[in-house]
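Keep in mind that what you see is a predicted model, and the values were worked out from it rather than measured.
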Amino acid sequence: SELVGYDTKMTRGVDLLTGYSKITKLGKGKIYAGGTTVAAHEVKSVQIAVIVERAKEEDEEWSTYDGWQKENLNTDRVASNRTLYVDGGYYYRVRCKHAANSDVSSSFTGGIYVE
């Protein structure tokens, strides 16, 4: 199963087109997590920060499990994805922060249960 979340365009301006985050369950204790930022045209800096969060069924809040970022220069997109080995018994989701020059937005997926 795969979940994709599209950006909420909080302060999307002239440079940022869209962004999304993605999480896929690859099997027991294994997920594929990441996202993409797409600029409206070539920009000096296009960035993505990927945050993997997890929670138990009874938890009130998500906690950060892992995270990384990537920047591409003088282009119109950046993507970053990783395969992660994770503890079972949690829901996992991916939250991304997207930026193209000074335009920013964020996106997040729903939670996916990993045995």
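- If you chain together hydrophobic residues whose side chains sit under 4.5 Å apart, Val38 and Ile48 never meet in one group.
- Shortest non-hydrogen contact noted between Cys96 and Tyr20 is SG-O, 4.3 Å.
- Side-chain atoms of Ile112 and Tyr91, non-hydrogen and from C-beta on, never get closer than 4.5 Å to each other.
- The line from OG of Ser1 to OH of Tyr113 is 13.0 Å long, rounded to the nearest 0.5 Å.
- The shortest distance between side-chain heavy atoms of Lys25 and Glu115 falls below 4.5 Å.
- Among pairs with a residue in residues 51-62, those fulfilling salt bridge (Lys or Arg N to Asp or Glu O under 4.0 Å) read Glu53-Arg93, Glu53-Arg95, Arg54-Asp87, at least two apart in sequence or across chains.
- Not one N or O on the side chain of Ser80 forms a donor-acceptor pair closer than 3.5 Å with the backbone of Gly34.
- Side-chain atoms of His98 and Ser106 include no donor-acceptor pair closer than 3.5 Å.
- Ser21 and Thr109 share no side-chain donor-acceptor pair at under 3.5 Å.
- Put simply, OH on Tyr92 and CG on Asp66 are 10.5 Å apart, with the number rounded to the nearest 0.5 Å.
- Judged by distance alone, the side chain of Lys70 and the main-chain N or O of Ala79 form a donor-acceptor pair under 3.5 Å.
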What's the verdict on side chain to side chain contact (heavy atoms under 4.5 Å, CB included) for Val52 and Trp68, showing C-alpha distance, side-chain angles and the deciding distance? CA-CA 9 Å; Val52 179; Trp68 62 91; 4.0 Å; yes
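- When hydrophobic clusters are built by joining Ile, Leu, Val, Met, Phe, Trp and Tyr residues whose side-chain heavy atoms come closer than 4.5 Å, directly or via intermediates, Leu3 is not grouped with Trp62.
- Inter-residue side-chain proximity for Thr75 and Leu73 is flagged as unmet; no heavy-atom pair is nearer than 4.5 Å.
- Here the side chains of Ile51 and Val94 are not in contact, with every heavy-atom distance at 4.5 Å or above.
- Looking at heavy atoms from C-beta onward, Asp76 lies out of side-chain contact with Val43 at the 4.5 angstrom threshold.
- Using a distance-only test at 3.5 Å, with no hydrogens or angles considered, a donor-acceptor pair links the side chain of Asp103 to the main chain of Leu16.
- In this structure, the side-chain hydrogen bond (donor to acceptor under 3.5 Å, both in side chains) partners of Asn101, at least two apart in sequence or on a different chain, are Asp15.
- Atom CD of Gln69 is surrounded by 12 or fewer heavy atoms from other residues, nucleotides or ligands within 6.0 Å.
- Residues Glu42 and Asn74 are in side-chain contact: their nearest non-hydrogen atoms beyond the backbone lie under 4.5 Å apart.
- Between Ser105 and Asp7, the side chains place a donor N or O and an acceptor N or O closer than 3.5 Å (distance only, hydrogens not considered).
- Taking NZ of Lys30 as the start and OG1 of Thr24 as the end, the distance is 12.0 Å to the nearest 0.5 Å.
- Separating the OH atom in Tyr6 from the CZ atom in Phe108 is a distance of 15.0 Å, to the nearest 0.5 Å.
- Side-chain contact between Ile31 and Leu26 is absent, with no heavy-atom pair separated by less than 4.5 Å.
- Evaluation of the ring-ring contact (aromatic ring centres under 6.0 Å, His included) rule for Tyr32 yields no partner, not counting sequence neighbours.
- Tyr65 OH: more than 12 foreign heavy atoms inside a 6.0 Å radius.
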